[in-house]
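Have a look at the structure below, then the notes.
Note on naming: letters A, B, ... go to the chains in the order of the sequence lines (proteins, then strands), and numbering restarts at 1 for each one.
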There are 2 protein chains.
Amino acid sequence: MARYQAGLRTEARIIEATRALLGEIGLEGTTLKAICERARVRAGSFYNLFDSKEEVVLKVVREAITAVDPDPAGETDTLEELVGAYVAFVTGQTHLARIYLQIAVAGALSHDSVGRRVLRGHEARVARFRTAMLREQTELGHDEATRRTEVLLAMLNGLAFRWTLEPDFAFAEHARLALEESLFG
Amino acid sequence: MARYQAGLRTEARIIEATRALLGEIGLEGTTLKAICERARVRAGSFYNLFDSKEEVVLKVVREAITAVDPDPAGETDTLEELVGAYVAFVTGQTHLARIYLQIAVAGALSHDSVGRRVLRGHEARVARFRTAMLREQTELGHDEATRRTEVLLAMLNGLAFRWTLEPDFAFAEHARLALEESLFG
DNA sequence: TCATATTTTGAGCATACACTCTAATTTGAG
DNA sequence: CTCAAATTAGAGTGTATGCTCAAAATATGA
């Protein structure tokens, strides 16, 4: 399995091309031909490195699902920091954010394992946000905190969704202000 | 253009089949073959009634986009009624709700006119929710009401999105309770 | 430099797709 | 009942897709 440098570089180019296509054009437009053209590679080279188109796509999709939860090791986050991290991800990693939203809605229907993965990621996020919320509002019960966390995350996802429709939408501002004044603070 | 009954029934079957497939399997799985099988029709019959597959799909998609804003004539709605209508749509018209979310995220990227249509629908909804909000909280300025409306709608879309991942999710309850306690009341 | 492993090529394959065409059947108004 | 119009069937077309394969080109360690 020892590999040459050329192969590793090609693999990286293919992954990058797939990520860009998924984010810019979507699942439908991410064909093998498109990936190969963007990565400047012939089909044969592609299949020397990957078993199938699905393999790269899923690799990138998993990357996107994971990336929605940045710094998963962090234990001392405040709610504000967590929201800030989410905003930073969406506005920074545009491609991955778009892929995440697409997959979560469309991919969940078709590919079952992807749907489960998205759900697991969401549940982990709920747990992390809830911990932060309970630290700041100790009077809340576990269930009540869960409920509010779900609503907060729904709001963030909804704002990301809104920003997908119109890139000029002031995503960060809406998220920040809504957090400040609402029931979540 | 006078039509026979048989043709009208077939057309309805095709539309219904397309709607079901889009809602259950998604855009990717909604092939001509699948539509024809579900509608019990051969390809020839399909093309006797529609110019292209895209025509039916767009017809159903437009239907979904419009349906997200039920009772658009209503003038005396309260915020609570508007939220209730949204919840009723999502939980009642499952197929259309799923299609709407899919299209808004994925379709908006590919088919530009669809993206614009979704955005227009959203803006109309913002206007209607804002009117209701201003009626109940007269101290709010126009901009502040717009901002809060965007957040409220983002929350509703996000909860719908969440419910897409897990049909057992208590969508209606979360929406109702969040409205009651939050900054929107 | 040589030998071997890896990578690249590009023509080509099978399949699934959206769509067409003509002949046959069914409909419904007169 | 008649007959033109509407509908249907289903084999068939062209194209795009994901993918294969054998041979050529290139990289790496000794």
Could you tell me whether the phosphate oxygens of C:dT7, OP1 or OP2, come under 4.0 Å of any side-chain nitrogen or oxygen in A:Thr10? no
Are OP1 or OP2 of D:dG10 and a side-chain N or O of B:Arg42 less than 4.0 angstrom apart? yes
Could you check how far CG of A:Leu32 sits from P of C:dT15, rounded to whole Å? 18 Å
Nearest whole Å is fine: how far is D:dA6 C1' from B:Glu11 CD? 13 Å
Test log, rule side-chain contact (heavy atoms from CB on, under 4.5 Å), inputs A:Leu156 and A:Phe129: CA-CA 12 Å; A:Leu156 290 175; A:Phe129 274 67; 4.1 Å; yes
Any side chain to side chain donor-acceptor pair (under 3.5 Å) involving residues 150-160 of chain B? Give me the pairs, sequence neighbours left out, ordered by first then second residue. A:Arg162-B:Glu150, B:Tyr86-B:Asn157, B:His122-B:Glu150
Nearest-Å distance, CD1 (B:Ile14) to P (D:dT7)? 11 Å
For C:dA18 and B:Ser52 - does any side-chain N or O of the residue sit under 4.0 Å from the phosphate oxygens OP1/OP2? no
Please determine if A:Arg148 and A:Glu144 form a salt bridge, counting it only when a charged side-chain N lies under 4.0 Å from a carboxylate O. yes
Taking the side chain of B:Leu49 as its heavy atoms from C-beta onward, which of D:dT8, D:dC19, C:dG10 lies nearest to it? D:dT8
If a pair satisfies side chain to side chain donor-acceptor pair (under 3.5 Å) and one of its residues is in residues 39-49 of chain B, list it, with sequence neighbours excluded. none
A correct 5'-to-3' footprint of nucleotides 20-30 of chain C, with B, S and - meaning base, sugar-phosphate only and no protein heavy atom under 4.0 Å, is BB-----BS--
Sequence neighbours excluded, the answer for ring pair (Phe, Tyr, Trp, His ring centres under 6.0 Å) partners of B:His174 is B:Phe169
Side chain to side chain contact (heavy atoms under 4.5 Å, CB included) against B:Arg38, all qualifying residues, sequence neighbours excluded: B:Ala17, B:Ala20, B:Leu21, B:Glu24
Rounded to whole Å, how long is the line connecting atom CD1 of A:Ile35 with atom C1' of D:dT17? 12 Å
Rounding to a whole Å, what distance do you find between B:Glu28:CD and D:dG18:P? 10 Å
When rounded to whole Å, the CG to C1' distance for the pair A:Asn48 and D:dT26 reads 13 Å
D:dA11 C1' sits how many Å from B:Phe46 CZ, rounded? 19 Å
Contact list for residues 79-94 of chain A, test salt bridge (charged side-chain N to carboxylate O under 4.0 Å, His left out), sequence neighbours left out: none
Can you check the B:Glu37 CD to D:dT8 P distance for me, whole Å? 17 Å
